[in-house]
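Following: one structure in structure tokens, then a few remarks.
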Amino acid sequence: MARFIFITGGVVSSLGKGLMAASLAALLQARGYKVRLRKLDPYLNVDPGTMSPYQHGEVYVTDDGAETDLDLGHYERFTGVPARQSDNVTTGRIYQNIIAAERRGDYLGATVQVIPHVTNAIKSFISSDISPECDFVICEVGGTVGDIESLPFMEAIRQFRNEIGRGNSVSIHTTLVPYLAAAGELKTKPTQHSVRELTSLGIQPEIIVCRTEHPLPDTERAKIALFCNVRKEAVIPALDAKSIYAVPAQYSEAGLDAEVLRAFDLLDSAQTPDMRRWEDVLDRLFNPEGEVTIGVVGKYVGLPDAYKSLTEALVHGGMANRVKVNIRWLDAELFEHPEADIPAQLEPLHAILVPGGFGERGSEGKIASVTFARERGVPFFGICLGMQMACIEAARAAGVEGASSTEFGETAEPVVGLITEWMSKEGLQKREATGDLGGTMRLGAYPAALSGNSHVSAIYGGTEISERHRHRYEVNAHYRDRLEQNGLVFSGMSPDGQLPEIVERPDHPWFIGVQFHPELKSKPFDPHPLFASFIEAAVKQSRLV
Ligand code: GLN
């Protein structure tokens with residue numbers, strides 16, 4: 001049976017619990033264990049799909065089409081285990097299910113209450129969909145202990161721990177140990193209070209992870225151990241790391257995985273960790289042999305969390321080529337000002353990327369940057385909305401005046417639109433049979449067939465791929481001939497040949513647009529081939545500039 005590790009946070013939010021959970025999972029993997037990571041989010045949204053990137057950062061999409069918290073992206077990047085719908089739940093989803101069951105009469109007239117109905121639903125989520133081979137399930141609880149909205153989760157964890165029996169679960173509490181400059185001291189009191197709050201809810205943590213900006217002196221470690229009722233070695237100091245990819249090694253040195261295994265009474269029988277994968281990652285990251293600058297022309301450029309997976313995939317592409325990747329975030333809207341000097345901004349860049357996005361704002365600026373990349377032979381990567389912009393740009397270059405997307409309003413030339421707006425009757429009928437009629441989001445993994453002699457099939461090393469999608473609009477295949485005459489070739493299509501998945505320019509050094517989100521599947525120890533190839537092209541470009 002799998003063992004369970006619960007991770008909570010105290011004192012403040014943004015302590016890096018998600019990275020800690022992902023790192024612990026990576027360390028357990030390095031000792032040969034099989035892990036699964038999941039996140040319990042106490043907010044009332046059913047999922048983060050409708051939340052603004054400004055509020056919540058990126059929405060991470062899984063193969064099975066779930067729109068989830070960006071921490072699941074860290075989980076997958078650090079472990080290589082594909083995240084699933086069943087790895088993220090919110091209070092909103094729990095209540096939605098309970099209320100639907102109540103309306104159906106499933107409760108047979110009982111009064112439906114937080115305890116036991118909500119707590120039971122949380123407990124069954126925690127233990128659902130776990131394969132028999134799994135050794136550890138790591139559950140991170142969002143928010144901070146003491147929040148009203150997280151109380152049902154704490155109560156469910158208390159009950160769950162009691163039910164599965166002592167020794168089968170470990171609670172890790174993450175806190176902040178602030179440094180008071182005036183006193184010249186680290187302060188443990190907030191940690192003491194936070195642990196007291198947690199124990200008052202019936203959860204005595206076995207391990208306390210202390211985020212601090214200064215090394216934690218032995219005396220303070222002993223004090224936390226004494227007041228919080230844990231072994232001194234179970235007070236794990238966690239200083240800021242130089243890179244997120246240095247976090248696993250740092251926690252390993254601080255003894256986190258060893259303490260977890262000791263708490264389960266497994267330490268004596270455990271393998272020593274094999275950290276070679278992470279050593280290689282850090283070597284590539286910290287010993288680059290050059291650098292490139294990539295311009296990302298987007299909308300949420302003030303908030304890098306909105307493009308978390310993209311940022312990481314670019315870094316991974318750098319690791320594949322042993323170069324440091326500098327990202328210059330460029331606000332597409334600024335390119336729309338009449339006096340904007342676009343060449344001055346784009347000339348110093350070694351490659352240009354237009355990422356995914358929603359809505360019309362900044363679209364003309366994105367199209368202008370596509371024109372620049374096409375005309376100047378600068379490597380260009382268009383992702384989702386970025387591919388759609390590349391197609392509209394090509395249509396306009398081919399003389400299709402007013403080419404646009406119906407996402408931006410009515411247009412006489414819908415180069416991008418909902419499939420119900422442009423697909424033939426027979427095409428739609430075929431799609432209807434599969435239940436995929438568009439209009440709602442196309443979410444999750446879909447296969448694509450690549451042309452045999454294309455640039456992308458050379459990059460992937462094959463002609464059949466599967467990538468994750470999150471979009472509503474599609475490039476209109478009726479424009480295919482006109483775009484191909486302009487040099488933009490449709491080199492990847494959905495297997496039924498109806499939906500464009502990839503476009504490329506064979507007469508350009510590196511010009512690729514993809515309807516999906518390859519960044520979601522890139523890992524530091526397994527960079528996505530498109531990103532590795534894109535950065536390689538940027539390195540070549542850097543030798544020309
Ligand atoms: N807004 C576009 C669509 O819905 C692109 C979405 C995206 O880039 N993720 O099709």
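Atoms within a ligand are numbered from 1 in the order they appear, just like the ligands themselves.
- Remark: aromatic rings of Tyr479 and Trp422 are distant, center separation not under 6.0 Å.
- Side-chain contact, His56 with Asp69: a donor N or O sits under 3.5 Å from an acceptor N or O.
- Aromatic rings of Phe534 and His350 (six-membered ring for Trp) have centroids beyond the 6.0 Å cut-off, not under it.
- Annotation: Phe381 is in aromatic contact with Phe531 [ring centroid separation under 6.0 Å].
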Provide, line by line, the atom pairs where ligand 1 and the protein bring an N/O atom each to a distance under 3.5 Å; else say none.
unit_1   : atom_1 : unit_2 : atom_2 : d
ligand 1 : 1 (N)  : Gly357 : O      : 2.9
ligand 1 : 1 (N)  : Glu407 : OE1    : 2.7
ligand 1 : 1 (N)  : Glu407 : OE2    : 2.9
ligand 1 : 4 (O)  : Arg472 : N      : 3.0
ligand 1 : 8 (O)  : Gly357 : N      : 2.9
ligand 1 : 8 (O)  : Gly357 : O      : 3.3
ligand 1 : 8 (O)  : Leu385 : N      : 3.0
ligand 1 : 9 (N)  : Arg470 : O      : 2.9
ligand 1 : 9 (N)  : His517 : NE2    : 3.2
ligand 1 : 10 (O) : Gln388 : NE2    : 3.2
ligand 1 : 10 (O) : Arg472 : N      : 3.2
ligand 1 : 10 (O) : Tyr473 : N      : 2.8
ligand 1 : 10 (O) : Tyr473 : O      : 3.4

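- Side-chain contact of Ser86 with Asp129: a donor-acceptor pair under 3.5 Å is present, judged by distance alone.
- A distance-only check finds a donor-acceptor pair linking the side chain of Thr411 to the backbone of Gly402 [under 3.5 Å].
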